[in-house]
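First the structure, in the form of structure tokens, and then the observations on it.
Since we're looking at a predicted model, the values are computed, not measured. Any value given below was found using the heavy atoms of this structure, including those in side chains, with hydrogens, waters and symmetry copies removed.
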Amino acid sequence: MTAYRYIVIVGCGRLGAILANQLSRQGRNVVVVDRDEAAFKNLSAEFSGFQVTGDAAELAVLRRAGIEEADCLLAATRHDNVNLMVAQVARTVFHVSKVIARVFDPSRQEVYDQFGIETICPTLLSADAFLAALARAPEAGS
Ligand code: AMP
């Protein structure tokens, strides 16, 4: 795995906090941005990174998170529009080399591709997991 040294995570909900805790445990420099300060309670006591409160759609907030130093940004809110916008700004304005966005709507993945943004689609991942579980389950009546 490439050792990204400065990672900005947008959204400190369930997903963002898991990512922040794990990457911090791996010794990476992690900054988590959330517009709701209460969300930082999801971070573990061992989390050694920084927390920035604010709307990540604002350039000033991303700058406060040190985006100009970052080599990786993970857009992990539950809002496709927010994730797309932040990821796009990270790529085009701040030239962050690795940008990954959570996108629930599979039909929007193409838009992200056009901007060189990698996507993780929980909807498709869940569908795969359901179908795999179904394939393992014994057929009714057998
Ligand atoms: P979840 O609801 O568990 O998926 O977490 C989503 C998190 O993203 C919440 O803590 C929200 O406060 C946060 N969030 C949503 N939109 C923004 C935004 N524009 N800037 C920063 N944080 C956001």
Side-chain angles (χ1 to χ4, degrees), residues 1-140:
M1 184 166 65
T2 310
Y4 293 101
R5 8 160 231 102
Y6 193 130
I7 302 170
V8 175
I9 298 174
V10 174
C12 192
R14 281 161 291 196
L15 174 63
I18 288 172
L19 294 171
N21 288 333
Q22 300 255 18
L23 291 165
S24 169
R25 203 172 301 133
Q26 289 173 14
R28 319 295 181 105
N29 297 315
V30 178
V31 180
V32 196
V33 181
D34 202 295
R35 62 185 174 190
D36 178 6
E37 200 164 357
F40 298 125
K41 71 176 184 329
N42 293 319
L43 295 169
S44 70
E46 292 76 39
F47 176 73
S48 63
F50 289 96
Q51 304 159 16
V52 171
T53 306
D55 184 343
E58 294 175 16
L59 295 190
V61 171
L62 290 176
R63 284 202 175 93
R64 256 201 291 136
I67 188 113
E68 282 146 327
E69 314 299 321
D71 50 11
C72 178
L73 177 134
L74 309 177
T77 80
R78 66 168 67 191
H79 309 285
D80 285 3
N81 286 339
V82 171
N83 293 340
L84 176 58
M85 189 210 232
V86 172
Q88 203 181 329
V89 167
R91 286 288 299 149
T92 59
V93 179
F94 297 108
H95 310 292
V96 177
S97 55
K98 183 79 165 180
V99 175
I100 310 176
R102 180 192 207 184
V103 52
F104 287 91
D105 181 353
S107 69
R108 302 186 68 180
Q109 279 186 300
E110 217 176 281
V111 183
Y112 288 76
D113 284 348
Q114 285 166 10
F115 291 104
I117 297 161
E118 282 180 48
T119 54
I120 304 285
C121 180
T123 314
L124 293 179
L125 292 177
S126 302
D128 287 347
F130 270 93
L131 293 171
L134 208 54
R136 286 194 302 273
E139 294 277 346

Heavy-atom side-chain proximity of [X] to [Y] below 4.5 angstrom:
X	Y	answer
Ile7	Leu74	yes
Tyr4	Leu23	no
Val89	Glu58	no
Val103	Leu84	no
Val99	Tyr112	no
Val32	Phe47	yes

Which atom pair, heavy atoms only, marks the closest approach of [X] to [Y]?
X	Y	result
Val8	Ala70	CG2-CB, 3.8 Å
Ala65	Val33	CB-CG2, 3.7 Å
Ala87	Leu73	CA-CD2, 4.4 Å
Val96	Cys72	CG1-N, 3.5 Å
Ala56	Val10	CB-CG1, 3.4 Å
Val52	Phe40	O-CZ, 3.4 Å

I would like to know whether Phe50 and Asn29 meet side chain to side chain contact (heavy atoms under 4.5 Å, CB included); could you show each step before the answer? CA-CA 8 Å; Phe50 289 96; Asn29 297 315; over 6 Å; no

Supply the atom-to-atom distance [X] [atom1] to [Y] [atom2], rounded to the nearest 0.5 angstrom.
X	Y	atom1	atom2	value
Thr123	Arg102	OG1	CZ	9.5 Å
Ile120	Ile100	CD1	CD1	6.0 Å
Leu19	Ser24	CG	OG	12.0 Å
Asp80	Cys121	CG	SG	8.0 Å
Thr119	Asp113	OG1	CG	6.0 Å
Ser44	Ile18	OG	CD1	11.5 Å

Inspect the contact between Arg5 and Glu69 and indicate whether a charged nitrogen and a carboxylate oxygen are less than 4.0 angstrom apart.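 Looking at Arg5 together with Glu69, the answer is no, because their closest N to O distance does not fall below 4.0 Å.
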
With a 6.0 Å cut-off (strictly less than), is the heavy-atom count around CD of Glu37, excluding the residue itself, greater than 12?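 For Glu37, atom CD is not crowded (no more than 12 foreign heavy atoms under 6.0 Å).
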
Using a cut-off of 6.0 Å, state whether more than 12 heavy atoms not belonging to Glu110 lie near its atom CD.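 For Glu110, atom CD is not crowded (no more than 12 foreign heavy atoms under 6.0 Å).
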
Carefully, step by step, assess Phe115 and Arg91 under the rule side chain to side chain contact (heavy atoms under 4.5 Å, CB included). CA-CA 8 Å; Phe115 291 104; Arg91 286 288 299 149; 5.6 Å; no

Can you find a side-chain donor-acceptor pair between Ser97 and Asp71 that sits under 3.5 Å?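 Distance-only check fails for Ser97 and Asp71.
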
Hey, does the side chain of Asp34 reach the backbone of Ala39 with a donor-acceptor pair shorter than 3.5 angstrom?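 Flag not set: sc Asp34 to bb Ala39 has no pair under 3.5 Å.
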
